[in-house]
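This report concerns only the one structure given below.
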Amino acid sequence: MIEDIDRDVFVRIQADLLVVGDSIMTDRHHASNGNYEDNDPQNQIGGIIPAFSLSGWLRHGMEKAVQERGGTACHPGEANANFRKDGVYSRDLNAGYHPKGDCLEDDDGDGCVIHDLFGGFGNLPGKVMRRPIKFSPVRSTVDYTRGQAEGHYRRLNRNVVSRNKEDNREPLRNTGLDAVANLDGTWHLSFREIKSEFVALLAEGIEFLDAHNTDFMHQLGGARNFGGGIVDCELVNPLYEEHEIRRVFDRGKGNTNKMDDKDDEWREAYLDEFKSELAERIEDGP
Ligand SMILES: [Zn+2]
């Protein structure tokens, strides 16, 4: 069964507004020719959303899925790190986490499923590679089969003004934020090694994130208090071929009958089987 699944899988990501700190890389230097105005709606700026925030967001969703099945997840922080808030770390350990890497001591050395996927110790890479998302405002140039998205870059400016009446709201400070609006596309994940439980956990983690997308803890990136980072997400059926993945994003076309059949097949034949492998692995302990 698992041998039918490609190592490359795609997650559909849709967000009205995404702010990932200062780490969006734009290609405006190509487009600007020296006269770029960052608030000009005519600008056609594309760029790259790095995978760091995406990865943390996904990991958190997968940890929750493990915990909902009664297992514990690797804590993301080194156990011997000098945490500033020691009480918070021990509270995490009581809330469904084990110290990072404790799970490596048993049998096969792969550790728990979270460790197996995300790696951690001794330059051991995790088995899922998370790629950046390349976005562009020009829909026709977006290749959804390569982990790209339609998205509109804007530089947001915020003024912090004086509260003293005699200052007449004189600006004290100006801050800029990089934001991507109306994001819709795919996030490309590649398994270095594929296992049934990995695919099941990815499906369950994504489902959890989608169901909790307005929770503060499960929004993506910064600006959460302002409704940034509310992400609708779903795993694109791994049985789809490239032309079917493209069709998912074609607003003028619906699913073909063949795609509907594959959806049924995915849920009933594949996912159920993968989920029982995941249940077994979590039952076996971290
Ligand atoms: Zn672990």
Side-chain angles (χ1 to χ4, degrees), residues 1-2 5 7-9 11 50-131 187-212 215-220 233 235 238 271-286:
M1 297 240 76
I2 190 66
I5 306 299
R7 283 163 187 253
D8 294 300
V9 292
V11 175
F52 304 108
S53 307
L54 288 158
S55 174
W57 167 79
L58 174 66
R59 177 175 175 142
H60 200 184
M62 286 177 155
E63 290 168 359
K64 286 291 173 199
V66 167
Q67 289 159 352
E68 288 208 328
R69 285 182 165 279
T72 60
C74 253
H75 196 277
E78 309 290 338
N80 60 2
N82 190 6
F83 288 104
R84 280 196 300 167
K85 296 187 173 179
D86 201 37
V88 175
Y89 181 62
S90 13
R91 209 160 64 214
D92 279 354
L93 295 185
N94 294 327
Y97 290 88
H98 54 259
K100 179 178 181 176
D102 265 20
C103 50
L104 288 171
E105 280 153 26
D106 67 323
D107 54 12
D108 54 6
D110 286 335
C112 66
V113 63
I114 293 287
H115 192 282
D116 204 5
L117 280 165
F118 290 89
F121 282 110
N123 293 325
L124 207 74
K127 288 176 184 140
V128 61
M129 181 164 73
R130 290 85 76 195
R131 295 172 195 254
W187 184 26
H188 182 182
L189 300 168
S190 305
F191 292 106
R192 292 195 172 90
E193 183 188 324
I194 196 160
K195 299 181 184 176
S196 308
E197 61 268 32
F198 288 173
V199 182
L201 187 57
L202 175 64
E204 289 188 359
I206 289 297
E207 203 176 304
F208 182 93
L209 289 168
D210 190 62
H212 294 83
D215 290 2
F216 188 80
M217 293 297 284
H218 297 291
Q219 285 165 245
L220 172 59
C233 53
L235 178 64
L271 196 53
D272 281 356
E273 166 70 21
F274 296 163
K275 282 186 179 201
S276 56
E277 304 250 353
L278 176 64
E280 225 168 85
R281 176 148 180 192
I282 289 174
E283 225 162 83
D284 283 350

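Residue numbers start at 1 and run along the sequence shown. Remember, it's 1-based here, ligands and their atoms both numbered in the order they're listed.
Only protein N, O or S atoms were scored, and 4 of them lie under 2.8 Å from the Zn ion (ligand 1).
A side-chain donor-acceptor contact under 3.5 Å links Arg130 and Ser55. Between Asp110 and His115, the side chains place no donor N or O within less than 3.5 Å of an acceptor N or O (distance only, hydrogens not considered).
Nearest heavy atoms, Pro99 versus Leu93: N-CD2, 3.7 Å.
Take Arg59 and apply the salt bridge (charged side-chain N to carboxylate O under 4.0 Å, His left out) test, not counting sequence neighbours, and it matches Glu63.
Of the residues listed (Ile2, Asp116, Val128, Ile5), the one engaging Phe198 in a side-chain contact (heavy atoms from CB on, under 4.5 Å) is Asp116, and it is the only one.
Taking the six-membered ring for Trp and the full ring otherwise, His60 and His218 have centroids separated by under 6.0 Å.
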